[in-house]
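Because only heavy atoms are used, hydrogens play no part in the values below, and waters and symmetry mates are left out as well, while side chains stay in.
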Protein chains: 2
Amino acid sequence: MTAQRGVVSITIRDVAQAAGVSTATVSRALRGLPHVDPETRERVRRVAAEMDYVVSPSASRLASGRTGTVAVITPFIDRWFFSTVLSGISDVLQESDVDLLVYEVGDPATSPGLPAERRLRGRVDGVIVVTLPTDAPRIADLLEIGLPASFIGVRWPGVPSVCIDDAAAARMATQHLINLGHERVGILSGRPQASTSQAARARGYTEAMKGAGLEPEEAAYGYFTVAGGESAMTSLLSQPRPPTAVFAMSDDMAFGAIRALQRHGIRPGVDIAIASIDGHDLSELLDLTTVGQPVEQMGRMAAHALLDRMLGRDNPDAGDPDAGEIAVPTTLVVRGSTVPVERTTSLG
Amino acid sequence: MTAQRGVVSITIRDVAQAAGVSTATVSRALRGLPHVDPETRERVRRVAAEMDYVVSPSASRLASGRTGTVAVITPFIDRWFFSTVLSGISDVLQESDVDLLVYEVGDPATSPGLPAERRLRGRVDGVIVVTLPTDAPRIADLLEIGLPASFIGVRWPGVPSVCIDDAAAARMATQHLINLGHERVGILSGRPQASTSQAARARGYTEAMKGAGLEPEEAAYGYFTVAGGESAMTSLLSQPRPPTAVFAMSDDMAFGAIRALQRHGIRPGVDIAIASIDGHDLSELLDLTTVGQPVEQMGRMAAHALLDRMLGRDNPDAGDPDAGEIAVPTTLVVRGSTVPVERTTSLG
DNA sequence: TTGAAAGCGCTAACAC
DNA sequence: GTGTTAGCGCTTTCAA
C-alpha cells in the first residue's frame with residue numbers, strides 16, 4: 001500500500017500497546033489535552049520517549065485538518081529587507097513550533113511569478129505576505145481561500161498588517177535635507193508604476209517640498225536596487241542643474257547612488273547630501289543618513305498577528321474591524337552623508 | 001470527525017463521480033501515470049479543472065509516504081551568504097515543484113539551536129544543510145534518520161556537498177597581498193574554535209605566508225560579523241607594529257575592518273591594504289578586493305544534488321563513492337582596497 | 001485500461 | 001478518565 005522508506009517507523013498503536021492504553025489516550029496524553037489521568041499521561045510520555053515515537057505529521061494533518069505550517073510569500077529572499085523580515089518571522093514561528101514554508105515569487109512587476117494560491121490549499125494554516133506591491137488580484141485570490149493572513153508593507157481591508165508610515169518617513173528624510181538648506185532636492189524613486197508604499201513615499205517627498213515652498217523634482221527610477229540607484233543617480237547628475245541633495249526611497253538605491261557619485265568624483269556628504277529610507281545593516285558603514293525601520297521586529301509582529309488570527313475565533317470575517325493595521329515607528333538616523341547646503345560644492 | 005474550515009473542499013471522489021470513473025483512475029490520470037487511456041485522462045483533467053479540484057497534500061502524503069518537501073537547515077537567514085544560498089535553493093526547488101521548509105537554527109557555537117532532527121521525520125523527503133560549522137553530532141543524528149541530504153560548506157562522507165576550496169581561496173587572497181610587497185599581513189579570523197572551513201582558510205593563509213618566507217601573524221577573531229570585524233581590526237591596530245595589509249576571512253568582517261579604519265582615520269586602499277573572501281553584493285561599492293564565490297549557484301547545485309539523490313536509487317548507502325563533493329571555483333576580484341606596500345603609509 | 005478495496009496513522013465523536 | 005470506532009482523502013495493490 002505504502003511506500004516504506006528506510007526503517008519501519010513505530011506508530012501510535014505501538015505506543016498504545018506498550019503503555020497498555022488506547023490510541024486515543026496516547027493521542028490525548030501526548031498532546032497535553034485534558035481528561036487524562038496525570039499518572040497515565042506520564043506513563044504514556046515515558047513509553048513514547050523510550051520508543052522514540054514521533055507522530056506522523058501527514059496522518060495528524062489528515063485527521064485534524066491542521067498543518068502546523070505557515071507560508072511566507074515574498075518577492076525576494078536574498079535582499080536585506082526581505083531576509084531580515086523572514087528572520088523575524090522565523091523566530092516567532094519557531095517559538096510556537098510552527099513550520100515555515102517559503103515561497104519566493106519574484107518581483108511581480110517583472111516576473112510572472114507563481115502566485116501559489118492553490119498550492120496553499122490544505123498545505124498551510126496561514127499566510128504571511130511580504131510587500132507584493134500593488135498586486136491586488138493575486139492577493140484577492142489568496143484571501144478567497146479563506147486562509148488566515150497577515151501582511152507586511154501592504155494594507156488590506158480586514159487583514160492585519162504591519163507597515164511603516166511611508167509618507168511620514170519620506171517627509172522626515174526630505175525635511176531633514178530641506179532643513180539643511182537644500183532647495184534642489186532630487187528623488188530616487190522605485191518604478192514608474194508605483195506601489196501603494198512607493199506612492200506614499202513620493203507623496204511624503206512632495207509634501208515636504210511644497211510645504212517649504214520648493215519645487216519637487218522629477219523622479220529618477222532606481223527599481224529599489226543598487227544597480228538601479230546607480231544609473232538613476234547618474235541620470236540625475238547629467239541634468240543641467242543637478243540637485244544639491246538627494247532623497248532615495250531605499251538604502252540600496254542610495255548605495256548605488258553613492259557608487260555613481262564616487263565614479264564621478266563627487267563626494268557624498270561633502271559635495272552633495274543624500275538621505276534614504278531603510279536602516280540597512282551597512283548604512284552605518286557607508287555613513288548614510290537614513291530613516292530606520294525595525295524590520296526584524298516587523299516580521300515578528302506580522303507573525304504574531306497571524307498566530308493570533310489562527311488561534312482566535314474560527315470566523316475571521318473579512319472586514320473585521322479589529323484586524324488592525326499596526327504602524328511601526330521610524331527614526332531618522334543622521335550620519336555624515338547629509339551636510340548643510342552651504343558646505344556643498346555647487347554642481348549646477 | 002474533522003475540523004472543517006471554510007468551504008467544504010471537493011475531493012477526488014467528487015471528480016471521479018463527475019468524470020464517471022473510479023478514484024484510482026482519477027489519481028492515475030492526474031498524476032500522469034501510465035496505463036490510462038488518453039481520452040480518459042483528458043476528460044478527467046478537464047473535469048478536475050472545471051471543479052477546481054486540488055489534491056489534499058496531507059492525504060496524498062499519508063498514502064504515498066512522500067511529502068514533496070525539502071528542509072533547509074541554516075544557522076542564519078538574514079546574512080548575505082545564507083540568504084543568497086537560500087535563494088538559489090528556492091529557485092531550483094520551485095522549478096521541481098518541491099516545497100521549501102526553512103529551519104533557522106542559529107549559530108551552533110553560541111545558541112543551543114533546535115536541532116530539528118526528529119522534527120524532520122515524516123515531514124520532508126530530504127534536507128539541505130548549510131554550513132553548520134563543526135557540528136558533527138547534530139549532523140550525524142540528522143543522517144541517522146536516513147534522509148537524503150546535501151551539504152553546503154560542510155564535507156561529510158557519503159553525502160553530496162558543495163564547497164569552495166577554502167584553503168586555495170585564502171591562499172589566493174593572501175598571496176595577492178604578498179605579491180604587492182606586504183610582509184606584515186594580519187589575519188581576521190572567525191572564532192577560536194575553528195570550523196573545518198575556517199581551519200582551511202587559516203591554513204591557506206599560513207601556507208602563503210610561509211611559502212613567501214614570512215611569519216604568519218596571530219589571528220584576531222571577528223566572528224564573521226561586521227561588528228566583530230570592526231573590533232578585531234581595532235585590536236590589530238593597537239599592536240606595536242600593526243600590519244600593512246590584512247586578510248579577512250569574510251567580506252562582512254572586512255566591512256567591519258573598514259569601519260574601524262575609518263574611525264582611526266586610516267584609509268583602506270591608501271594607508272593599508274585589505275582583502276577578503278566572499279564576493280558580497282556590496283564589496284564593489286566599498287571597493288574591496290575579495291575572492292568571489294558563486295553563492296547562489298552553490299545553492300542551486302546543492303538543491304540539484306539533493307533532488308538527484310531523492311529521485312535516484314532507493315538505497316543511498318552511506319559511503320557511496322559517487323556521493324561527490326563538488327568544489328566550485330573562486331575568483332580573485334582585485335579592487336582599490338589592495339595597494340602595493342610602497343604606497344601605504346607606515347603605521348608601525 | 002480500469003475498478004474495488006485495503007489501508008496510510010492519526011483525531012475526534014461518542015459511549016462508557 | 002478511557003476506549004471504540006468511524007473517518008480524514010488519498011495511493012496502490014490486485015483482480016478483472
Nearest whole Å is fine: how far is [N] [atom2] from [X] [atom1]?
{"X": "B/D14", "N": "D/dG9", "atom1": "CG", "atom2": "C1'", "answer": "10 Å"}
{"X": "B/M51", "N": "D/dG9", "atom1": "CE", "atom2": "P", "answer": "14 Å"}
{"X": "A/R61", "N": "C/dA12", "atom1": "CZ", "atom2": "C1'", "answer": "19 Å"}
{"X": "A/I12", "N": "D/dG3", "atom1": "CD1", "atom2": "P", "answer": "12 Å"}
{"X": "A/L33", "N": "D/dT2", "atom1": "CG", "atom2": "C1'", "answer": "13 Å"}
{"X": "A/L62", "N": "C/dC8", "atom1": "CG", "atom2": "C1'", "answer": "9 Å"}
{"X": "A/H35", "N": "C/dA13", "atom1": "NE2", "atom2": "P", "answer": "12 Å"}
{"X": "A/L30", "N": "C/dG9", "atom1": "CG", "atom2": "C1'", "answer": "14 Å"}

- Task: Please tell me which of B/A59 and B/T25 maps to the more 5' nucleotide of DNA chain C, matching each residue to the nucleotide holding its nearest heavy atom.
- Result: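 The answer here is B/T25.
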Listed pairs, N/O of protein and of nucleotides 14-16 of chain C, under 3.5 Å:
none

Applying side chain to side chain donor-acceptor pair (under 3.5 Å), name anything that partners [X], two or more places apart in sequence or on another chain.
{"X": "B/T40", "result": "none"}
{"X": "A/S90", "result": "B/E104"}
{"X": "B/S56", "result": "none"}

Examine [N]: is either OP1 or OP2 under 4.0 Å from a nitrogen or oxygen in the side chain of [X]? Give yes or no.
{"X": "A/R13", "N": "D/dT5", "result": "no"}
{"X": "A/R31", "N": "C/dA12", "result": "yes"}
{"X": "A/S60", "N": "C/dT11", "result": "yes"}
{"X": "A/S22", "N": "D/dG3", "result": "yes"}

- Task: Ignoring hydrogens and angles, tell me if any N or O in the side chain of A/R66 forms a donor-acceptor pair with the backbone of A/R61 under 3.5 Å.
- Result: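 Side chain of A/R66 to backbone of A/R61: no pair is present.
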- What is the bend of the helix from C/dT1-D/dA16 to C/dC16-D/dG1 when you compare the axis at one end with the axis at the other, using five pairs each and rounding to 10°?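 Answer for the end axes of this duplex: 30°.
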When you get a sec, tell me which of [options] is the closest nucleotide to the side chain of [X]?
{"X": "B/A24", "options": "D/dT2, C/dT11, D/dT12", "result": "D/dT12"}
{"X": "B/S64", "options": "C/dT2, D/dC8, D/dT12", "result": "D/dT12"}
{"X": "B/S27", "options": "C/dT1, D/dT11, C/dC10", "result": "D/dT11"}
{"X": "A/S56", "options": "C/dA12, D/dT11, C/dC10", "result": "C/dC10"}

Those residues that, when tested against [X], pass salt bridge (Lys or Arg N to Asp or Glu O under 4.0 Å) (two or more places apart):
{"X": "B/R155", "result": "B/E325"}
{"X": "B/D91", "result": "B/R300"}
{"X": "B/R13", "result": "none"}
{"X": "A/D52", "result": "B/R118, B/R121"}

- Message: Considering only residues two or more places apart or on different chains, which pairs with a residue in residues 19-41 of chain A satisfy salt bridge (charged side-chain N to carboxylate O under 4.0 Å, His left out)?
- Response: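 Qualifying pairs: none.
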- Sorted by first residue and then second, give each ring pair (Phe, Tyr, Trp, His ring centres under 6.0 Å) pair with at least one member in residues 36-77 of chain A; sequence neighbours left out.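 Sorted result for residues 36-77 of chain A: A/F76-A/F82.
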- Task: State, with a plain yes or no, whether a side-chain heavy atom of A/Y103 is found less than 4.5 Å away from one of A/L120.
- Result: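 A side-chain contact exists here, since the closest heavy-atom pair is under 4.5 Å.
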- Query: Do B/D125 and B/T69 have side chains that get closer than 4.5 Å, going by heavy atoms?
  - Reply: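 No, too far: nothing below the 4.5 Å cut-off.
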- Query: Which residues in residues 37-50 of chain B have at least one heavy atom lying under 4.0 Å from any atom of DNA chain C?
  - Reply: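 Only B/D37, B/T40 qualify.
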